[in-house]
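Notes for the one structure printed next.
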Protein chains: 2
Amino acid sequence: MRKSEKTREKILDVALARFRKEGFEGTTMRDVAKDAGVALGAAYYYFPSKDALVMAYYERIQDEHLEKARAAFAQVKSFRDRLRAAMHTKLDLVARDRKLLGAVFRTVGDPENPLSTFGPATAPIRKASIAVFEEAVGAEPLPPDMRKLAPVALWALHLGVLLYFIHDRSRGQVRTRKLVDGLVDMVGDAMGLLALPGLEPVRAQIGALLALVKEE
Amino acid sequence: MRKSEKTREKILDVALARFRKEGFEGTTMRDVAKDAGVALGAAYYYFPSKDALVMAYYERIQDEHLEKARAAFAQVKSFRDRLRAAMHTKLDLVARDRKLLGAVFRTVGDPENPLSTFGPATAPIRKASIAVFEEAVGAEPLPPDMRKLAPVALWALHLGVLLYFIHDRSRGQVRTRKLVDGLVDMVGDAMGLLALPGLEPVRAQIGALLALVKEE
DNA sequence: GTCTATAAAGGGATAGAC
DNA sequence: GTCTATCCCTTTATAGAC
């Protein structure tokens with residue numbers, strides 16, 4: 001590992017520690033620089049903005065998620081179980097990061113921001129994030145168009161879960177865990193229902209909708 | 001109208017004009033004060049923070065939405081048409097405010113922030129916002145528990161639509177309009193399907209889920 | 001109660017020296 | 001790559017005018 005890489009890691013590590021303890025707003029770049037033992041300018045050399053630190057966090061989480069989810073997928077057989085595992089492993093990963101995670105959503109509504117959650121600059125992270133749900137869908141028998149769209153829909157659902165999670169004040173965020181289990185069953189039921197004969201028009205309708213969302 | 005109220009309105013008006021043109025980040029409180037012809041302190045006298053200006057905007061929009069939606073509801077008969085009207089009147093209202101609207105979402109992930117979109121301080125606005133969908137549901141025949149929960153679910157859906165709208169770069173945001181029409185049909189279809197006999201367990205499942213979300 | 005004028009604390013971001 | 005100095009902004013505060 002090159003020295004510059006080490007410095008970068010150090011800055012990110014102390015930043016995340018601060019974010020977890022004091023929250024995003026409660027942490028200053030000056031704090032981060034001081035904790036890392038570098039000058040303010042050095043911190044900005046590695047991370048062009050405070051938001052960039054949050055994105056680096058989310059990138060890191062994403063890599064770990066794909067790994068953990070794959071391990072969990074290997075233990076189960078059904079789509080329902082894989083979806084459940086995908087959601088729960090993610091929650092396990094961010095369990096102690098609720099304050100931090102909130103910062104990821106600060107840019108959802110700002111397309112101008114280069115680091116917007118839905119913007120072009122974050123496309124790679126988003127792609128990796130969606131990949132987990134692609135693997136969860138796996139070889140599930142689905143109409144061909146749904147096969148490409150279902151992962152995006154499930155990823156969007158997972159964003160909603162994270163938002164709920166951030167606001168969930170129940171002990172250990174058990175409510176979010178319950179929500180996940182309920183949602184997984186609902187998705188399973190819905191897929192079963194939609195597979196019923198005679199529902200081609202409804203399926204087509206949903207396919208068109210998802211395609212519209214995905215185009216973007 | 002008292003003079004103080006006039007000053008407040010003036011400040012809000014010029015602030016919104018700036019936000020629309022330069023975006024939230026691109027506008028400074030100094031700009032706002034100068035445009036309004038008041039001292040910086042006066043701007044803070046009426047609006048304790050820059051965020052407060054955004055919330056005042058959303059409050060204003062909400063009042064207008066209830067009004068416009070009601071007028072539209074009077075023209076139609078079915079639930080589908082009312083839901084469609086609720087969504088489209090909202091989009092009409094914010095049509096030129098995409099930059100501004102994004103700022104409303106800046107706080108979705110921050111429960112600490114007093115002006116968080118889901119926080120206690122914004123409960124009145126949220127309530128008014130949900131009320132529109134209560135009226136859209138109206139006297140629609142529904143299981144009693146669904147009657148209370150459907151409006152919240154539809155309101156959440158509407159937030160998703162707004163998010164899509166903010167990022168929609170199509171001319172006149174026609175894609176969002178299409179999305180709304182598709183969603184309305186999907187919701188209608190789903191409600192029809194769920195009314196089918198033999199689906200009590202599914203209905204109970206969904207009811208439990210929505211209740212979980214609403215508790216919060 | 002409504003506002004002006006001014007200052008200053010504190011923080012994000014940047015320029016330019018080394 | 002790293003640092004210092006600096007800019008500009010939000011927000012708070014204060015003293016006083018009307």
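Proteins come first, then strands; the chains are lettered A, B, ... in the order of their sequence lines, and each starts at number 1. In this text, all values refer to a predicted model and were calculated from it rather than measured experimentally.
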Whole-Å distance between [N] [atom2] and [X] [atom1]?
{"X": "B/Lys10", "N": "C/dT2", "atom1": "NZ", "atom2": "C1'", "result": "18 Å"}
{"X": "B/Glu5", "N": "C/dG1", "atom1": "CD", "atom2": "P", "result": "15 Å"}
{"X": "A/Asp51", "N": "C/dG11", "atom1": "CG", "atom2": "C1'", "result": "14 Å"}
{"X": "B/Tyr45", "N": "D/dT14", "atom1": "OH", "atom2": "P", "result": "17 Å"}
{"X": "A/Leu53", "N": "C/dA13", "atom1": "CG", "atom2": "C1'", "result": "13 Å"}
{"X": "A/Leu115", "N": "C/dA13", "atom1": "CG", "atom2": "P", "result": "11 Å"}
{"X": "B/Glu9", "N": "C/dT2", "atom1": "CD", "atom2": "P", "result": "14 Å"}

**Study point:** Sequence neighbours excluded - side-chain hydrogen bond (donor to acceptor under 3.5 Å, both in side chains) pairs with any residue from residues 6-20 of chain B
**Key:** B/Asp13-B/Arg60, B/Arg18-B/Asp35, B/Arg20-B/Asp97

Review point. Starting at the 5' end of DNA chain C, which residue's closest nucleotide do you reach first, B/Arg2 or A/Met29?
Key: B/Arg2

Review point. Does any donor atom in the side chain of A/Thr176 or A/Asp168 lie under 3.5 Å from an acceptor atom in the other side chain?
Key: yes

Review point. Looking for any heavy atom pair under 4.0 Å, which part of the strands does B/Tyr44 touch: base, sugar-phosphate only, or nothing?
Key: base

Practice item. Would you name the heavy atoms of A/Gln205 and B/Asp185 that are closest together and state the gap between them? Key: NE2-CB, 3.3 Å

Point to revise | Closest contact, heavy atoms only, A/Ile130 versus A/Pro151 | key: CG2-CB, 4.0 Å

Check your understanding: Sequence neighbours excluded, which residues qualify as ring pair (Phe, Tyr, Trp, His ring centres under 6.0 Å) partners of A/Phe165?
Key -> none

Exercise for review: Look at the rings of B/His167 and A/Phe118 and say which category their plane angle falls in: under 30° parallel, 30 to 60° tilted, over 60° perpendicular.
Suggested key: perpendicular

Study note, to complete from the structure: Heavy-atom contacts, protein to nucleotides 3-8 of chain D, under 4.0 Å, summarised as B (base), S (sugar-phosphate only) or - (none) per nt, yield BB-B--

Practice item. Answer yes or no: does a side-chain N or O of B/Ser4 lie under 4.0 Å from OP1 or OP2 of C/dT2? Key: yes

Practice item. Using only side-chain N and O atoms of A/Lys6, determine if any of them is under 4.0 Å from OP1 or OP2 of D/dG1. Key: no

Exercise for review: Could you grab the distance from atom CZ of B/Arg84 to atom CZ of B/Phe79, nearest 0.5 Å is fine?
Suggested key: 10.5 Å

Practice item. Go through the structure and list residues passing side chain to side chain contact (heavy atoms under 4.5 Å, CB included) with A/Ala69, not counting sequence neighbours. Key: A/His65, A/Phe73, A/Thr89, A/Val132

Quick test: give all pairs of protein nitrogen or oxygen and nucleotides 16-18 of chain C nitrogen or oxygen below 3.5 Å, distance rounded to 0.1 Å.
none

Practice item. Would you mind listing every salt bridge (charged side-chain N to carboxylate O under 4.0 Å, His left out) that reaches into residues 106-119 of chain A, with sequence neighbours excluded? Key: A/Asp51-A/Arg106

**Study point:** Proximity to the side chain of A/Lys50 - top-ranked nucleotide from C/dT2, C/dG12, D/dT2
**Key:** C/dG12

